[in-house]
Number of protein chains: 2
Amino acid sequence: MVESKHTEWYDRASRALQDAGYRRGGARHALLELLDTQACACSAIEIEETLRHRSHATRTVSRASIYRILAELEALSLVTKLEVGQATWRFEATRGGKHHHHHLVCDRCGRLMPFADEALERELVRVSTRVPLAVAEHEVILRGACERCTDDAYKSF
Amino acid sequence: MVESKHTEWYDRASRALQDAGYRRGGARHALLELLDTQACACSAIEIEETLRHRSHATRTVSRASIYRILAELEALSLVTKLEVGQATWRFEATRGGKHHHHHLVCDRCGRLMPFADEALERELVRVSTRVPLAVAEHEVILRGACERCTDDAYKSF
DNA sequence: GTACCTGCAAATCGTTTGCAGGAAA
DNA sequence: TTTCCTGCAAACGATTTGCAGGTAC
């Protein structure tokens, strides 16, 4: 098996877990490795499937453990829990400012894609100060038809 | 029972349902009346409770019907389905431009409040054109601690 | 009278929890 | 050896569906 390189997030997460007193369980390790490779949010079910089927996956992990570990990671702010899609939680590694992004959701195929925009970010920060809430996080979701689905519609004529 | 005034939304929704060939069922009517009075999104369960307990509620409606009717209304763009809170759908009447708003969610008590901001809206429209998706809707959620919860924290010292 | 509407109860699906065996320290 | 970690299976809660009776037209 090829030794794969980890990102900064993986190292930070490993350390944080250790500092928080968690042991080096195999399931937890497998989840960290997987989350580290994901560009956008994925659901617990997707994580389970990926770990089960991907050849390079470290091992399979039971669904209960997936939820438990994700909850631990969320409590340490190592993953962010999103509500996007089908009334299902999705999770993604909480990376630094540079990787901060929002989400595009295709209404037709359910595809989820990240996007980022600096001006929008500034606007959100400004709005956050004018609102009766001590804002800790924000989240923007744009819904519509993705290019793939738009193309398909075109081809079907 | 006092005859209550309906908003433009109620009339538009009634007409749209009729045009779409739906009959004037009692459950559907009760739901329209209720949704018409709500300032912000509510869940199917909340709707059921409200219809059951409120004195001015027209009648009770079974949960299955609530979901079915909400799905019809959503298909006609008469309500908007949101994912805010506990992996639960919430629904609110789709009103004209003036009532367009986004949501503040309190992480501590779960309270949901609407907010609106014109500059943010313009920014969202701009961003929508620069993204690989034919954007049909957008949604912004700000999470944090509401004033009530912040006050409580203060008082507890 | 027919076709649609509605309520009830059962099924589904994502998520959470209880418990017992297995692994890390 | 002790305590934590994990998987399994059962519990849970929101949502959906099948079906039978009731209602609008």
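None of the values given here were measured: they were computed from a predicted structure. Naming: A, B, ... by sequence-line order, numbering from 1 per chain.
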A.B. asks: Going through the checks in order, is the side chain to side chain contact (heavy atoms under 4.5 Å, CB included) test met by B:His138 and B:His100?
C.D. replies: CA-CA 11 Å; B:His138 61 234; B:His100 177 68; 3.1 Å; yes

A.B. asks: What is the nucleic acid contact for B:Arg28, judged by heavy atoms within less than 4.0 Å: base, sugar-phosphate only, or nothing?
C.D. replies: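 It contacts sugar-phosphate atoms only.
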
A.B. asks: Give me, pair by pair, the N or O atoms of the protein and of nucleotides 22-25 of chain D that are less than 3.5 Å apart, along with how far apart they are.
C.D. replies:
{"residue": "D:dA24", "atom": "N3", "partner": "B:Arg23", "partner atom": "NH1", "Å": "2.9"}

A.B. asks: Quick check: do A:Glu139 and A:His103 have side-chain heavy atoms less than 4.5 Å from each other?
C.D. replies: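 The answer is no, as the side chains (C-beta and beyond) never meet within the 4.5 Å cut-off.
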
A.B. asks: For A:Arg52 and D:dG7, what is the distance between atoms CZ and P respectively, to the nearest whole Å?
C.D. replies: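 After rounding, the reported distance stands at 10 Å.
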
A.B. asks: Taking atom C1' of D:dC5 as reference, at what distance in whole Å does atom CD of A:Gln18 sit?
C.D. replies: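 For the pair A:Gln18 CD and D:dC5 C1', the rounded distance is 16 Å.
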
A.B. asks: In whole angstrom, give the distance that lies between atom CD1 of A:Ile47 and atom P of C:dG14.
C.D. replies: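 Roughly 14 Å, once rounded to whole Å.
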
A.B. asks: Applying side-chain contact (heavy atoms from CB on, under 4.5 Å), can you list everything that pairs with B:Ala20, at least two apart in sequence or on another chain?
C.D. replies: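 Here the qualifying residues are B:Tyr22, B:Leu76.
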
A.B. asks: Which residues end up grouped with A:Leu124 if you chain together Ile, Leu, Val, Met, Phe, Trp and Tyr wherever their side-chain heavy atoms are less than 4.5 Å apart?
C.D. replies: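 Result for A:Leu124 is A:Leu104, A:Met113, A:Phe115, A:Leu120, A:Val127, A:Val131, A:Leu133, A:Val135, A:Val140, A:Leu142, B:Leu104, B:Met113, B:Phe115, B:Leu120, B:Leu124, B:Val127, B:Val131, B:Leu133, B:Val135, B:Val140, B:Leu142.
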
A.B. asks: Does OP1 or OP2 of C:dT6 have a side-chain N or O of B:Ser62 closer than 4.0 Å?
C.D. replies: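 B:Ser62 to C:dT6 OP1/OP2: no side-chain N or O under 4.0 Å.
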
A.B. asks: May I have all residue pairs that pass side-chain hydrogen bond (donor to acceptor under 3.5 Å, both in side chains) and include part of residues 69-82 of chain B, sequence neighbours excluded?
C.D. replies: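 Counting only pairs at least two positions apart or across chains, the side-chain hydrogen bond (donor to acceptor under 3.5 Å, both in side chains) contacts touching residues 69-82 of chain B are B:Arg28-B:Glu72, B:Thr80-B:Thr94.
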
A.B. asks: Going by side chain to side chain donor-acceptor pair (under 3.5 Å), name the residues that satisfy it together with B:Glu46, two or more places apart in sequence or in a different chain.
C.D. replies: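 If we apply the side chain to side chain donor-acceptor pair (under 3.5 Å) test to B:Glu46, skipping adjacent residues, the hits are B:Arg90.
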
A.B. asks: Quick one: salt bridge (Lys or Arg N to Asp or Glu O under 4.0 Å) partners of B:Arg126, sequence neighbours excluded?
C.D. replies: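 B:Arg126: salt bridge (Lys or Arg N to Asp or Glu O under 4.0 Å) contacts with A:Asp117, B:Glu123.
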
A.B. asks: If only side-chain N and O atoms of A:Arg68 are considered, is one of them under 4.0 Å from the OP1 or OP2 phosphate oxygen of D:dC4?
C.D. replies: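 So the side-chain polar atoms of A:Arg68 never come under 4.0 Å of the phosphate oxygens OP1 or OP2 of D:dC4.
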
A.B. asks: Calculate the interatomic distance between B:Arg63 atom CZ and D:dT17 atom P; express it in whole Å.
C.D. replies: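 Atom-to-atom, B:Arg63 to D:dT17, this comes out as 16 Å.
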
A.B. asks: In this structure, how many angstroms lie between the C1' atom of D:dG7 and the CG atom of A:Leu51, rounded?
C.D. replies: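 Between C1' of D:dG7 and CG of A:Leu51: 14 Å.
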
A.B. asks: Please tell me which of A:Glu72 and A:Ala64 maps to the more 5' nucleotide of DNA chain D, matching each residue to the nucleotide holding its nearest heavy atom.
C.D. replies: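 Comparing both residues, the 5'-ward one is A:Glu72.
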
A.B. asks: Mind checking A:Ala27 for me? I need base, sugar-phosphate or nothing, with any heavy atom below 4.0 Å counting as a touch.
C.D. replies: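 Contact class for A:Ala27: sugar-phosphate only.
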
A.B. asks: Separation of A:Glu49 atom CD from C:dC13 atom C1', in whole Å?
C.D. replies: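 Value for this atom pair: 13 Å.
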
A.B. asks: Whole angstroms only, please: what is the CD1-P distance between B:Ile45 and D:dT16?
C.D. replies: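 Atom-to-atom, B:Ile45 to D:dT16, this comes out as 11 Å.
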
A.B. asks: Could you state the NZ-C1' distance from B:Lys81 to D:dT16, rounded to the nearest angstrom?
C.D. replies: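 Value for this atom pair: 11 Å.
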
